[in-house]
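Residue numbering restarts at 1 for every chain, and letters A, B, ... go by the order of the sequence lines.
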Amino acid sequence: MSTPVVSDLSSPGPPVAPRDVAEGADPVLEIRGLCVEYGFGDDAVHAVSDCDLSLGRGRVLGLAGESGSGKSTLAMAAIRLLRSPGVITAGEVLFHSRSAADGEPAPTLDLLAAGEEELRAVRWSEIAIVLQSALNALNPVSTIGAQFDELLATHRPGLGRASRRDRAGDLLELVGMTADRLRSYPHEMSGGMRQRAMIAMALALDPQVMILDEPTTALDVVTQREILEELMGLRDRLGFAALFITHDLSLLVEFADDIAVMYAGRLMERAPAASLFRAPRLPYTYGLLHCFPPMHGERYRMEGIPGSPPDMRDLPPGCAFHPRCQWAMPRCRQDVPKLEPLAESRREVACWLHRDDATAPAELTLPDPAVAQPRTAPVIDASAGRAV
Amino acid sequence: MTINTTILSEQSPAAAAVVSTSRALRLPRSPKVIAGLVILAVFAVIAIIGAWIAPYSPNLTNESWVQHVLVAGTGPGTHIKADYYPLPLPPSGAHWLGTTVLAQDVWSQLLVSTQATVAVGLLAAAISTVLSIIVGVTAGYLGGGADEGLSLLGNVFLAIPGLPLLIVLADYVPAAGTSIFLVSLIIAITAWAYSSRVLRAQTLSLRNRDFVEAARVSGEGRFRIIVVEVLPNLIPIVAASFLFTTLYAIGAYVAISFLGLAGSPTSSPPGLWNWGEMLRETFANDAVRGGWWWWWAPPGLCIALLGTGLALLNFGIDEFINPRLRVAGLSRKAARTLGISRRPKLGLTPVVRRKVVSPTVTSPGSSTS
Amino acid sequence: MTTLAVAPNAGTETPVLEGRGLTKSFWVKRNSGLLARRSRLHAVDDVSVQLDAGAVTAVVGESGSGKTTVARLLARIVKPDTGEVLLDGHPVAAARSRKFAAQVQMVFQDPFASLNPVHRVRHHLTRPLQIHHTADGDVDEAVLQLLHRVALDPPAKFADKFPHELSGGQRQRVAIARALAVRPRVLLADEPVSMLDVSIRLGVLNLLADLRDRERLAILYVTHDIASARYLADTIVVMYAGQLVEAAPSVTLTDSPAHPYTQLLLSAAPDPERLERPVLAARGAPPSLLAPPPGCRFHPRCPHVMEICKRMAPPTVTVSPDHAAACWLHVDPADRVVDGAGVTPGTSPNPEGEAEVQRPP
Amino acid sequence: MRALARRLGVYLLAAWVAITVSFLLPRVVPGNPVAGAIARAQSSGICNSICVRAIEDQLGFNVHTSLWVQYVQYLGNLVHGNLGFSWSENAQVSSLIVSYLPWTLGLLGVATILSFIAGTLIGVVLAWRRGAFTDWLLPAATFFQSIPYFFLALVLVLIFGETGSLLKWFPSLYGYDIYGVNPGMNLPYIASIIGHAVLPALTVILASMGGFILAMRNQMVTTMDEDYVLVARAKGLRTGKVVWYAARNALLPCVSNFSVAISLVVAGQILVEIVFNYPGIGYHLYSALGALDYTLVQGIFVVITLVVLAANLIADVIYVMIDPRARQDA
């Protein structure tokens, strides 16, 4: 295994893909046809079915969904960290490493076909993860410094003890902490501090991909915003791509470049963040956007989405959302819609309302801001309900 | 004997998770649990009908049940009066487990001994469990000074080594061995502290759960909250600690009998026949050196077997309390056909492609087994 | 005594439930090596709230701000160190009585923890009916009625289920039904939707709104989500580090926040409608309640901090009718004076609301 | 420190309770324990008049002072290390115990430490390789932890012991070759001690290891479900390091439960010493019981209690040393 050089944190990172580059043009992580089951055989639960997802270099892809929708399962399975009894039953996950400076084609690794050592080489040095609770993700019996040290010692064998310590201190300062925190144990720090330390650790090896699994859900709103702003600032400087998983769609609209919405183990809609927010195409996304009361303007009654999320052990036939969908058609009860591109733009949706000769309701055909300029009125229609 | 000591105290967070998803003690149907139940059932039956089906009285001696061997240098040909020493008979159709050097039937003794052994184990466990519920749940629910005092009492009892205390107690209560109740009571006194500590910890976590608070808010009385809201949630832990204590109590009873502190069946008042007493007699008569395995092996194996049965059942309850201990998901058969381990390596999710055309079922990446 | 509770019908009607000057501290073990000792955690400091019939009052704050303790103080699960709880204007006896329980009920945050896993839904609803004799004879019928009221239809199907057979939203409805069983006049809801999936939160909030409108319940809605407070509540009070910092009708508070902390909260809350990323109004974390900073507890983070903020707790100022904030910024600069005994009370911009001045402890 | 001081307080209280129990028991038990004891003793034919006197002395029956005065005297004697006089051994109990204690502590210490280390390591392996063929060890461990120590001792004597009938590899009686070597700092004596300790130690190790295996395995399985172990994998750390992550954390509850384990091991060792005529404190407890030497029985009981309490305290100290959270709270 070669020993990559340690990146200099003070110098600008590799060139960041311009924000308007078409998504998928230069993917760093591609998930194709991924299927994940819990257990195996007849009583297996299909937690993730046939998911395609592509994470562009340097971009932030938000993955939204309610609890049990399979969003975390998808991400953890993609990097083979899903626990038993999770089994991957189909698909491939291609990691395209940074192309070399002399223009050679980027080496590609299928994570699902990789052996233990191949995975170990890629893990953390190329793909790092940040989980919801840093308290659980940090080893409670060693200091932050010791955890940095073993990480650097494993992946950067050339580095001496002193330089490892210096680098760990630099990393902590990068996320707004002081180097003397290296002597602290996880339980001696606040939740926000721990999560910062975890992010610093994730950045330690200058990875190309960060998987953020509900990184701020356990934190207060102020800390949440501070940390997310810092993360996005670091993304701009260091150029990593992020897969940002959360149940809070309103957060993704602000922080992600693109958003993919999952429901009952399937990807249902994918679009640039603004397009998804201003002009959702999927009834579920439409309903979800109407679950966040606005912070401004007139108050009016909102209805949310009727019914409950489905039981993954007993999914309804056809489109899993049809029992809660106000526009369900007979076809929705029988056939599972596939995620397919819409003609108008670079967005995809899995819904029969946008297929063939079906006519989509007006709510789902609002002009896409990515196509129609510039900012349109919010979809939320104040006349829809009575004032509370 | 050493009993698994950590299982019970670790369950608090995990138990909370299970208890909230399952309503009653439904044991996982694993081979371990079934084996444990079968073993326990067999011993339970023998304990009940043992004395009844025993071919002989355990105290009955019969001259013809030992082989009389002439002591060398005595008897005919010498001028010393013939002297004989007894040799027990190995197992035969007449004596399924042979006889003892005291000319008694081992099989009968084994059958009869089962009753007192099992009864003391269960009764001591029952007394100890009731004690531990009263002390532990009260301490945990009331908190404050009552908790401090009761916990201190428990910790003191936990720190004092059990068997030596038991020896001293049994030594000064000579009648102990003659009564199942007395001996159970003495054993229970040395056994309740551990369960009580576990129950206290669990009650403490339950007390602060919202459903208890909700019952309080709706005006429910304190006693009813403990009995109706808290106790049913403790059933799995109570069951586990009951089994644990049974195991301990049998060990303790056997130990004090082996030390001769529980009275022998021939003394007055007569002690009870139990497996420890049988072992004491074999040890006193050097049965191991004599090579009379049919005498000393059966009671020991019975203890081990009964203990294993209890421990296996405890496994099941542990897996119920702490679902992390379960081997989740893949059935043995499915795992074998797929060529992967039932419990794949941590952080290396197996890839099993079903839709591939090539004859290999597993991908190169799934070489995890 | 500072009263920082503003209700839409203030003065016209006695509040159903009122907390006056509630203060509560807990003893916690402090980790400090050899010198470990128990220290006092000032969870709630001189908080007053009023709950009116047919109105929702929201308490908003970050975790550790003491908002849950306020709900528990009002429910009398926790006894205050000082201050009192008044029901219909009459002080409530120290011990929690059944009479009080029949008037004031609570809904908890975690619907997975607030229902006893070993009992069926029926048991959860039957007990309060029996304790308070509110069933009018037919308990079974009353159970079905309750389930119907919280929109669990058909009721008969739900009555015999165990909690683990229900979804989160259904459980929370059962918890609300249990609270309603005693026919209370006050409902204290402690983060009732924060553990629920986004898509079903509104359903529960709307149920609370309907109960307020149809049955004229007085509701306390404790939350960290200021957007949902704006949606549901008539009045919002904001808590910071155990103290009330601002109170106003909900739209007024979110549209024109007066206290820097409220401004910070609003700038941090996710809001997709925003055109540009907001600039956080302040940084840092709330102070330790073991040793709260002197003066205004927000001063270490406050972007507008003045010298006086570091030394003296701010008075409660009426910013506009029904809108009060505890902040020196809203005190006339001429009055930000300290004399030996305390602060000289000055004229308030609003003649109705005499700015009451808190003496430094 | 505070937590440790608190534990120390509990142990002091426990010691006091044990001492008081051993003082009060013979004086408050209903009936006349002296008469009972003498009757028992005479029926077994080993109690002469000295014995009767000794029993009476011990139980305070011919002393015409109040219970309270006796108690103060008793405590005073204890503080001065005076545990009374053993009539059966014709020596001071304290000096007798001093001569027994090294045997017991040596055997117990070595066997328990070996058993704990081996059991813990096996537990780690079993947890890490869950579902592999090594799982058969699990029911085996269950079986072993259910066997009474003394029964296992009998089986080992049968198989390996010189007095057994099969392999005759190791001596199975006494602490050393009492006929062949002279006690002292000489090689044959030390070799003899080690040879004689093999079977008793093996018994204690085998019988106690099952419990340690199961405890560590269950702890480890639980710990492996923690996020930080998965993150250790995600960090690309080597497998050994990942196992260490889980094992280090799983060890903590095992150490904190050591107190219950040690008390069971001590109980087991008492019986093992009897089987092997091993000259430790357990064997002499047995012979003192047989000789109705109550002074000796009580002295031994008090000393065993103190030893176990000391072991508990050591476990507590170790726990505080290896758990940073406890270190801080301590």
Side-chain angles (χ1 to χ4, degrees), chain B residues 11-27 137 141-145 147-148 151 199 202-239 317 320-323, chain C residues 68 71-72 74-78 96-120 123-134 161-166 171-172 174-182 184 186-188 190-192 195:
Chain B
Q11 85 296 3
S12 343
V18 202
V19 169
S20 65
T21 51
S22 303
R23 60 197 144 92
L25 181 54
R26 241 186 286 127
L27 288 173
V137 176
Y141 189 80
L142 295 183
D147 181 23
E148 295 267 328
S151 299
L199 284 173
Q202 191 64 27
T203 309
L204 211 58
S205 83
L206 280 172
R207 182 182 67 166
N208 296 321
R209 295 277 290 285
D210 285 347
F211 67 81
V212 173
E213 203 104 287
R216 230 177 281 151
V217 171
S218 63
E220 194 79 90
R222 182 178 276 176
F223 183 72
R224 243 196 106 98
I225 290 179
I226 293 184
V227 174
V228 178
E229 307 292 335
V230 175
L231 266 185
N233 283 290
L234 293 172
I235 287 174
I237 290 139
V238 169
I317 295 180
F320 175 84
I321 293 174
N322 183 354
Chain C
T68 293
R72 285 172 185 241
L74 288 174
R76 301 202 66 70
I77 298 172
V78 176
R96 212 196 131 73
S97 66
R98 283 201 174 169
K99 215 179 118 211
F100 184 76
Q103 304 279 321
V104 181
Q105 278 294 307
M106 192 155 175
V107 177
F108 295 86
Q109 174 178 11
D110 183 357
F112 293 85
S114 69
L115 300 181
N116 194 337
V118 301
H119 293 307
R120 291 174 200 274
H123 169 93
H124 289 96
L125 302 183
T126 306
R127 279 308 298 164
L129 288 170
Q130 288 171 341
I131 296 170
H132 298 279
H133 311 290
T134 40
K161 292 210 172 200
F162 283 97
H164 68 92
E165 296 171 299
L166 304 177
R171 286 173 187 226
Q172 201 58 295
V174 172
I176 293 173
R178 170 178 57 190
L180 294 178
V182 308
V186 182
L187 205 57
L188 307 169
D190 181 10
E191 304 230 24
M195 307 280 278

- Quick one: what part of B:Val212 sits under 4.5 Å from any heavy atom of chain C, side chain, backbone, both or neither?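 For B:Val212, there is no contact with chain C at all, as no heavy atom is under 4.5 Å.
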Segment of [X] engaging chain B (4.5 angstrom heavy-atom cut-off):
X	answer
C:Val104	backbone
C:His124	neither
C:Ile77	side chain

- Note on the structure: d(B:Ile237 CD1, B:Gln202 CD) to nearest 0.5 Å is 3.5 Å
- Query: Looking at side-chain heavy atoms only, is the closest gap between C:Ser114 and C:Arg178 below 4.5 Å?
  - Reply: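 Contact flag for C:Ser114/C:Arg178 side chains = yes.
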- Query: Taking the side chain as C-beta and beyond, is there a heavy-atom pair between C:His123 and C:Arg127 under 4.5 Å?
  - Reply: yes
- Is the backbone of C:Phe162 close enough, under 3.5 Å, to the side chain of C:Arg120 for a donor and an acceptor to pair up by distance? no
